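One-based numbering along the sequence shown. This is a predicted model, so every value here is computed, not measured.
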Amino acid sequence: VQLQASGGGLVQAGGSLRLSCAASGLTFSTYNMGWFRQAPGNEREFVAFISRSGGSTYYADSVKGRFTISRDNAESTVYLQMNSLKPEDTAVYYCAATLSLQYGSGTRFKYWGQGTLVTVSS
């Protein structure tokens with residue numbers, strides 16, 4: 001199983017980025033998907049979750065209204081559209097896959113991508 005995250009980079013505050021996570025080696029449409037992030041010196045935190053069908057999404061309060069998670073099961077890819085970025089969004093972003101609907105804890109996720117760095121300058 002491989003989850004390949006991409007799309008990170010350097011952006012100014014107020015800007016946008018779109019992260020992608022391409023999955024292979026698993027039946028993507030049977031997995032719920034999540035995005036997590038870890039800033040330097042901080043613990044990993046939940047960002048967003050989408051159910052296997054795409055019908056349900058959940059967000060951390062800190063990103064609600066600014067970030068949108070979506071998926072394309074035909075392409076085995078999950079996306080994270082990030083708008084109105086803030087310096088505090090700076091982190092390595094990870095995608096992850098789970099069969100569980102308990103999305104808040106990373107311990108419920110079975111597969112993880114390698115991470116992509118997002119840096120937001122003020």
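Under the 4.5 Å side-chain heavy-atom criterion for Ile, Leu, Val, Met, Phe, Trp and Tyr, Val92 and Phe36 are members of the same hydrophobic cluster. With hydrophobic clusters built from ILVMFWY side chains whose heavy atoms lie under 4.5 angstrom apart, Tyr58 does not share a cluster with Trp35. One hydrophobic cluster, built from ILVMFWY side chains closer than 4.5 Å, holds both Tyr111 and Leu99. In the hydrophobic clustering of this structure, Ile50 groups with Val1; members are Ile, Leu, Val, Met, Phe, Trp, Tyr whose side-chain heavy atoms approach within less than 4.5 Å, directly or through other members.
Ring geometry, Trp112 versus Tyr94: the interplanar angle exceeds 60°, so the pair is classed perpendicular (tilted spans 30 to 60°). The aromatic rings of Phe109 and Phe49 stand perpendicular to each other, their planes meeting at an angle above 60°, with 30° marking the opposite boundary.
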Residue pair Ser62, Arg37: steps toward the side chain to side chain contact (heavy atoms under 4.5 Å, CB included) verdict: CA-CA 12 Å; Ser62 58; Arg37 67 187 182 186; 3.5 Å; yes
Asn83/Ser16 under side-chain hydrogen bond (donor to acceptor under 3.5 Å, both in side chains): CA gap, chis, key distance, verdict: CA-CA 4 Å; Asn83 298 329; Ser16 299; 2.9 Å; yes
Derivation of the side chain to side chain contact (heavy atoms under 4.5 Å, CB included) call for Ser24 and Gln2: CA-CA 5 Å; Ser24 59; Gln2 187 172 14; 3.5 Å; yes
Phe46/Tyr103 under ring-ring contact (aromatic ring centres under 6.0 Å, His included): CA gap, chis, key distance, verdict: CA-CA 8 Å; Phe46 166 75; Tyr103 55 86; 5.1 Å; yes
Derivation of the side chain to side chain contact (heavy atoms under 4.5 Å, CB included) call for Leu101 and Asn32: CA-CA 7 Å; Leu101 287 174; Asn32 305 304; 3.6 Å; yes
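The heavy-atom pair separating Ala91 from Ala39 by the smallest distance is CB-N, 3.8 Å. Among all heavy-atom pairs drawn from Leu10 and Ser121, the shortest one is CD1-CB, 4.3 Å. Among all heavy-atom pairs drawn from Tyr93 and Leu19, the shortest one is CB-CD1, 3.5 Å.
A donor-acceptor pair is defined here as one N or O able to donate and one able to accept, closer than 3.5 Å; such a pair exists between the side chain of Thr90 and the backbone of Val120. Remark: the backbone N or O of Gly55 is paired with a side-chain donor or acceptor of Ser53 at under 3.5 angstrom. Side chain of Arg66 to backbone of Ser84: a donor-acceptor contact under 3.5 angstrom is found.
The distance from the CG atom of Leu26 to the CG atom of Leu3 is 6.5 Å, given to the nearest 0.5 Å. In this structure, OG1 on Thr57 lies 14.5 Å from CE on Met33, to the nearest 0.5 angstrom. One distance of note links OG1 of Thr116 with CG of Leu80; it measures 11.0 Å at 0.5 Å rounding. Residue Cys21 holds its SG atom at 8.0 Å from CD of Gln4, rounded to the nearest 0.5 Å.
Under the 4.5 Å side-chain criterion, counting only non-hydrogen atoms from C-beta, Phe67 is in contact with Asp89. No side-chain heavy atom of Glu45 sits under 4.5 Å from any side-chain heavy atom of Gln38. For the pair Tyr31/Asn73, no side-chain contact is recorded, criterion being any heavy-atom separation below 4.5 Å from C-beta on. Side-chain contact between Arg18 and Tyr79 is present, with heavy atoms from C-beta onward closer than 4.5 Å.
Between Thr98 and Ser100, the side chains place no donor N or O within less than 3.5 Å of an acceptor N or O (distance only, hydrogens not considered).
For Ser56, the side-chain hydrogen bond (donor to acceptor under 3.5 Å, both in side chains) criterion is met by no residue, not counting sequence neighbours.
Results of the side-chain contact (heavy atoms from CB on, under 4.5 Å) test with Met82 over Val11, Val118, Val63 single out Val118 as the only residue that passes.
Within the structure, no pair that satisfies the salt bridge (charged side-chain N to carboxylate O under 4.0 Å, His left out) test touches residues 67-86, not counting sequence neighbours.
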